[in-house]
Number of protein chains: 2
Amino acid sequence: MVHRLDGRATWLVGRAHLRSHGLLQEAFAAAGARPYHYRLLAALEESGPLSQAELGRAAGLDRGDVTRSLDVLGGSGLILREPDPADRKRNRVSITRAGRAELYRLDAVLTEVQERFLAPLSAGERAVFLGLVARLARDPEGAREA
Amino acid sequence: MVHRLDGRATWLVGRAHLRSHGLLQEAFAAAGARPYHYRLLAALEESGPLSQAELGRAAGLDRGDVTRSLDVLGGSGLILREPDPADRKRNRVSITRAGRAELYRLDAVLTEVQERFLAPLSAGERAVFLGLVARLARDPEGAREA
DNA sequence: ATGTACCGTTGGCTCCACCAACAACAGTGG
DNA sequence: CCACTGTTGTTGGTGGAGCCAACGGTACAT
């Protein structure tokens, strides 16, 4: 392989992501869902009914992608999209009973994927890794390096 | 944000990758190059002349993507592609003097990106992180290497 | 009433990874 | 010699994920 990349953090993170994403994709596809859908259902369940723009900000999705994903979720009866009577330019999106059930089902899928992804590490190592990668994941906005 | 994802390794790795990839993309674009090109030049410099299929396996690229990337690299004079006299179905690809210079230039860019990406971590933490993420990056099944 | 800002929708884009088909070619066993 | 198998390079796609621009509709402060 390419020795020059062996110790590069960006390379290793990319490869780890490839494996992680592959596992996730496979598991979600087998469950008939997509990561976007999970994120939206989770945001809805945790925050209660939201407008689509709020939902996008909560789940980290583009407004347009929210629209398209909700089309699918609504078609499956997992969410309810109704015009907001207080502001007619908004939609009020809420999770349905079926949506909650789906979310819980996917929670289990996600948990199982974590286990497979983290299999190479011991419990202690996992905790260390999670702490470090969380700091690398946060966008250091305003963080000025002295 | 979605509280449910905060501690998920797959989520954090995905977010870290997003930041990493963004930094890399930005820096390489400013340098007029692409990650694929760097990988190919690096593989060529480390292994010497290769066929395109070998090159793809060394750099982890699809054969088709190798073909298209070499079109660009060849057009810039960074690699030389000539028919292999010993096997007429192969191309013998080698890195040129200009290609080496480009590779070294991109090495510096890459190094600078590492620094920005890893900025949130101390030197000791970086070493720990690299060790752990390297183990997560390796595909635990199959993947037999020579 | 007018301007500004937001909303949802649609249509597009880039990047990365991957797959399928094809003709050309090499090496094999018969 | 012939047929078969496998590889190579090329072309033409697929798909997910993230993102941006433009549009018409709506709310609200001025």
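Note on naming: letters A, B, ... go to the chains in the order of the sequence lines (proteins, then strands), and numbering restarts at 1 for each one.
For the pair B/G60 and A/T67, both in contact range of DNA chain C, the more 5′-proximal nearest nucleotide belongs to A/T67. Taking the nucleotide of DNA chain D with the nearest heavy atom to each of A/Y36 and A/D84, the more 5' of the two is matched to A/Y36. Mapping A/A86 and A/G64 onto DNA chain D by nearest heavy atom places A/G64 closer to the 5' end of the strand.
Following rounding to the nearest Å, A/R39 (CZ) and D/dG16 (P) show an atom-to-atom distance of 14 Å. If you measure from atom NZ of B/K89 to atom C1' of D/dT8, you get 6 Å, rounded to the nearest angstrom. Straight-line distance from the CZ atom of A/R63 to the P atom of D/dA21: 12 Å, rounded to whole Å. Distance CG (B/D62) to P (D/dG13): 16 Å, rounded to an integer number of Å. With rounding to whole Å, B/R15 atom CZ is found 11 Å from D/dA17 atom P. For the pair B/D65 CG and D/dT14 P, the interatomic distance rounds to 15 Å; values are reported in whole Å. One can place CG of B/L50 at 17 Å from P of D/dT7, the figure rounded to the nearest angstrom.
A donor-acceptor contact under 3.5 Å is not formed by the side chain of A/R90 with the base of D/dG25.
Listed here is the closest heavy atom pair of A/N91 and A/P83: OD1-CA, 3.9 Å. Taking every heavy atom of both residues into account, A/L78 and A/I95 meet most closely at O-CG1, 3.7 Å. Across B/L24 and B/P35, no two heavy atoms sit closer than the pair CD2-CG, 4.3 Å. Nearest heavy atoms, A/E102 versus A/A31: OE2-O, 4.5 Å.
A/L18 comes within 4.0 angstrom of sugar-phosphate atoms only, judged by non-hydrogen atoms across all strands, and of no base. No engagement by A/R92 is indicated, since no non-hydrogen atom pair under 4.0 Å with the nucleic acid exists. Nucleic acid contact class of B/N91 (heavy atoms, under 4.0 Å, all strands): sugar-phosphate only.
Put simply, CG on B/L118 and CZ on A/R8 are 10.5 Å apart, with the number rounded to the nearest 0.5 Å.
A donor-acceptor contact shorter than 3.5 Å is absent between the side chain of A/R138 and the backbone of B/P120.
Look at A/R57 and A/E54 and you find no salt bridge, because none of the NZ, NE, NH1 or NH2 atoms lies under 4.0 Å from a carboxylate O. Using a cut-off of 4.0 Å between Lys/Arg side-chain N and Asp/Glu carboxylate O, A/D71 and A/R68 are scored as not salt-bridged.
For residues 121-131 of chain A, every residue pair satisfying the side chain to side chain donor-acceptor pair (under 3.5 Å) rule, not counting sequence neighbours, is listed here: A/E115-A/R126, A/S122-A/E125, A/E125-B/R135.
For B/R4, the CZ atom counts as densely surrounded, since its 6.0 Å shell holds more than 12 non-hydrogen atoms of other residues, nucleotides or ligands.
One finds a side-chain N or O of A/R88 lying less than 4.0 angstrom from the OP1 or OP2 phosphate oxygen of D/dA27. Contact annotation: A/R68 does not reach the phosphate of D/dA17 (side-chain N/O to OP1 or OP2, under 4.0 Å).
For DNA chain C, the span of nucleotides reached by chain B at under 4.0 Å from its heavy atoms goes, 5' to 3', from C/dC15 to C/dA26.
For the segment residues 20-29 of chain B, residues with any heavy atom less than 4.0 angstrom from an atom of DNA chain C are, sorted by number, B/H21, B/Q25.
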